[in-house]
Amino acid sequence: VLKVVENLGVSYVRGTDLYKAKLEVELRKLKFPYKALAEDDYEARRKDHISHFILRLAYCQSEDLRRWFLQQEMDLFRYRFNELSGTLMQKFLEHVNLPFEAIGEDLKNELANELCASTPGYNMSKVKEQMFYKVGLADAVDLFRARRVFIKDGFAYVPFKEIDAIVLNTYRTKLSKALALTARSLPSIQSDERLQPLLSHLSHSYVGPDYSVQKNTGKISLDQIDALSVKSFPLCMRQLHRALRDSHHLRHGGRMQYGLFLKGIGLTLEQALEFWKKEFIRGKVDADKFDKGYAYSIRHNYGKEGKRTDYTPYSCMKIIMSNPPSQGDYHGCPFRHSDPELLKQKLQSYKIPPSGITQILELVKGMHYQLACQKYFELTHDVDDIGFSLNHPNQYFTESQKLLSGGRELKKEFNNSGNFQQKNNSQESINSSSTPTSSNATADTELEGLEAYFTED
Ligand code: SF4
């Protein structure tokens, strides 16, 4: 749900009718009880409450996560609050102990002149049609300071359109404090072995298709990789491929990220061994050293050594959230881990138009890395709307191939349905903020073990 909120928040102007309509469609698809006080679905509301508190635990762990979580929760809250009718709004305010009370018609008529004179942008007829709330001065300090509200006997008379700002502010302060408090109690929670694995994976977990089993296996030839890297690889993999071709070597973080991606797009074990060997022996590694030091780890990647686990390619969240690259590394997500100036130069060299680069850099600045990558997809594939919610580099590749082979008409699909998300987006959108499946969680744990095999630089 929060992923959808993020997506729409950067694609449309928040609060506009279009934004609200899109959000409503998406929330309905996800069966999210967005009209909390109006809907009787107790089970759905219960799930919403529980998942909110689980996400608090998972997203309190770093400044970045907290900021992201706060932003999406605030947007969702604003939408839900504004969707309530006057009576439900009043009920909500009582329910959360916010002592704001809508004043009656008699009092409003009595104060009409003062309300009109003290509330900027209000004339008499607007005063008559709008609800005003009686709010303790302490809660309306900002309005009072800006002389935007009528004050009498220690109370501010706040028009409806300003009350949501006060409620939102209160919510932000409370949620922010709650996240800080939760972060403080994390050490004791993390010592609970039932919760610890869940919490450490939740914020960057992924439960979409794992791309480890490919219908494509063996359908891609090694000769095609250079061309594919330009046309259909996401920037992270394009960067790794370029670095490998240039320096005939990748350090272990890069080999893991790129090796599993290539496996996901369909390279067989034999092709992978040939691909890496050919490249490495053009550099400082001779054939013998490659067979001894690197071939084992490639077979391991394909589940042919060690625990014989079929390892899954990394999702965007895993790449973005874990193992940041250091000097000399090429793995990671360029939108997350590159210096903006370098990213700009890279995009220029890939002939992305200046306006597109500005849009991408804006998204990066707002920490919307996957959305920046979606924009890169749109610009490199010349489509107006990507039509899916990006969560995985292999998904990027698959969608690109579908599009380039004419298997999908993005613009047409968008126009016909009037819906900018792809049909299966709802599932994929939950993915990045939901619990990992046990198989993925196991794979993650086992990957930690696998990394031990990549000792050679
Ligand atoms: Fe790669 Fe995902 Fe970053 Fe795109 S958003 S560059 S696919 S990690």
Side-chain angles (χ1 to χ4, degrees), residues 3 6-7 10-11 64-65 68 203-212 225 228-244 250 253-265 312-325 329-340 342-347 349-350 352 356-357 359-381 383 386-404 422 425 428-429 431-433 440 444 447:
K3 192 85 183 114
E6 179 195 25
N7 224 332
V10 294
S11 309
D64 277 3
L65 290 175
W68 185 87
S203 58
H204 53 272
S205 66
Y206 169 78
V207 290
D210 69 11
Y211 298 99
S212 61
I225 293 183
L228 286 172
S229 76
V230 176
K231 284 192 298 189
S232 288
F233 282 14
L235 199 54
C236 53
M237 301 305 168
R238 189 170 176 180
Q239 167 173 292
L240 280 163
H241 184 74
R242 194 64 267 147
L244 177 65
L250 282 180
R255 295 199 301 272
M256 290 291 287
Q257 184 176 318
Y258 191 38
L260 288 169
F261 169 80
L262 290 175
K263 177 185 161 192
I265 68 168
T312 54
Y314 293 170
S315 70
C316 293
M317 281 312 256
K318 183 170 172 67
I319 295 171
I320 289 170
M321 301 303 293
S322 47
N323 188 24
D329 283 334
Y330 292 93
H331 68 270
C333 169
F335 298 107
R336 167 68 183 92
H337 298 117
S338 290
D339 175 81
L342 287 178
L343 177 63
K344 188 176 168 187
Q345 283 169 19
K346 181 161 289 171
L347 293 170
S349 72
Y350 291 161
I352 305 292
I357 296 180
Q359 282 174 295
I360 290 178
L361 292 177
E362 270 305 304
L363 288 165
V364 166
K365 204 164 143 204
M367 302 197 300
H368 307 294
Y369 310 116
Q370 284 155 270
L371 297 177
C373 190
Q374 290 186 189
K375 181 52 71 186
Y376 173 78
F377 184 105
E378 287 166 11
L379 293 162
T380 48
H381 291 77
V383 289
I386 184 171
F388 62 92
S389 179
L390 176 74
N391 287 305
H392 202 294
N394 289 81
Q395 178 196 15
Y396 183 108
F397 176 79
T398 310
E399 293 293 338
S400 165
Q401 284 293 291
K402 258 195 240 170
L403 189 65
L404 296 175
Q422 200 190 13
N425 179 33
E428 288 174 359
S429 297
N431 294 339
S432 58
S433 53
N440 274 350
D444 263 356
L447 270 177

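Hydrogens, waters and symmetry mates play no part in the numbers below; they use all other heavy atoms, side chains included. Positions are given from 1 along the sequence. Both counts, for ligands and for their atoms, begin at 1 and track the order of listing.
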Query raised in the report: Any idea which atoms of ligand 1 are less than 4.0 Å away from a heavy-atom of P234?
Result: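 Checking each atom against P234, I get 7 (S).
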
Requested in this report: Could you tell me whether F335 approaches ligand 1 through its side chain, its backbone, both or neither, with non-hydrogen atoms closer than 4.0 Å?
Outcome: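 Side chain only.
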
Requested in this report: Write out the residue and atom name of the closest protein heavy atom to atom 5 (S) of ligand 1, then the distance separating them to 0.1 Å.
Outcome: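 Atom 5 (S) of ligand 1 sits closest to the protein heavy atom C373 CB, 3.5 Å.
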
Query - atom 2 (Fe) of ligand 1: the protein heavy-atom neighbour that sits closest, reported with distance to 0.1 Å - result: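 Ranking protein heavy atoms by distance from atom 2 (Fe) of ligand 1, first comes C316 SG, 2.4 Å.
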
Query raised in the report: Parallel under 30°, tilted from 30 to 60°, perpendicular over 60°: which one fits the rings of Y350 and Y376?
Result: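 Correct class here is tilted.
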
Query raised in the report: Is atom 4 (Fe) of ligand 1 less than 2.8 Å from at least one N/O/S atom of C236?
Result: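 C236 does not place any N, O or S atom closer than 2.8 Å to atom 4 (Fe) of ligand 1.
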
Query raised in the report: Is there side-chain contact between N323 and M256, with heavy atoms separated by less than 4.5 Å?
Result: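 Counting from C-beta outward, N323 and M256 never come under 4.5 Å.
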
Report task. State whether C333 contributes an N/O/S atom found under 2.8 Å from atom 3 (Fe) of ligand 1. Result ->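 C333 does place an N, O or S atom closer than 2.8 Å to atom 3 (Fe) of ligand 1.
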
Query raised in the report: Around atom CZ of F261, are there more than 12 heavy atoms of other residues, nucleotides or ligands at under 6.0 Å?
Result: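 Check passes, neighbour count above 12.
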
**Report entry** F335 backbone acceptor or donor facing S338 side chain under 3.5 Å
**Finding:**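 Side chain of S338 to backbone of F335, a donor-acceptor pair under 3.5 Å: no, none is there.
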
**Report entry** Side-chain donor-acceptor contact under 3.5 Å, Y258 with H331
**Finding:**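 The answer is no; no qualifying pair exists.
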
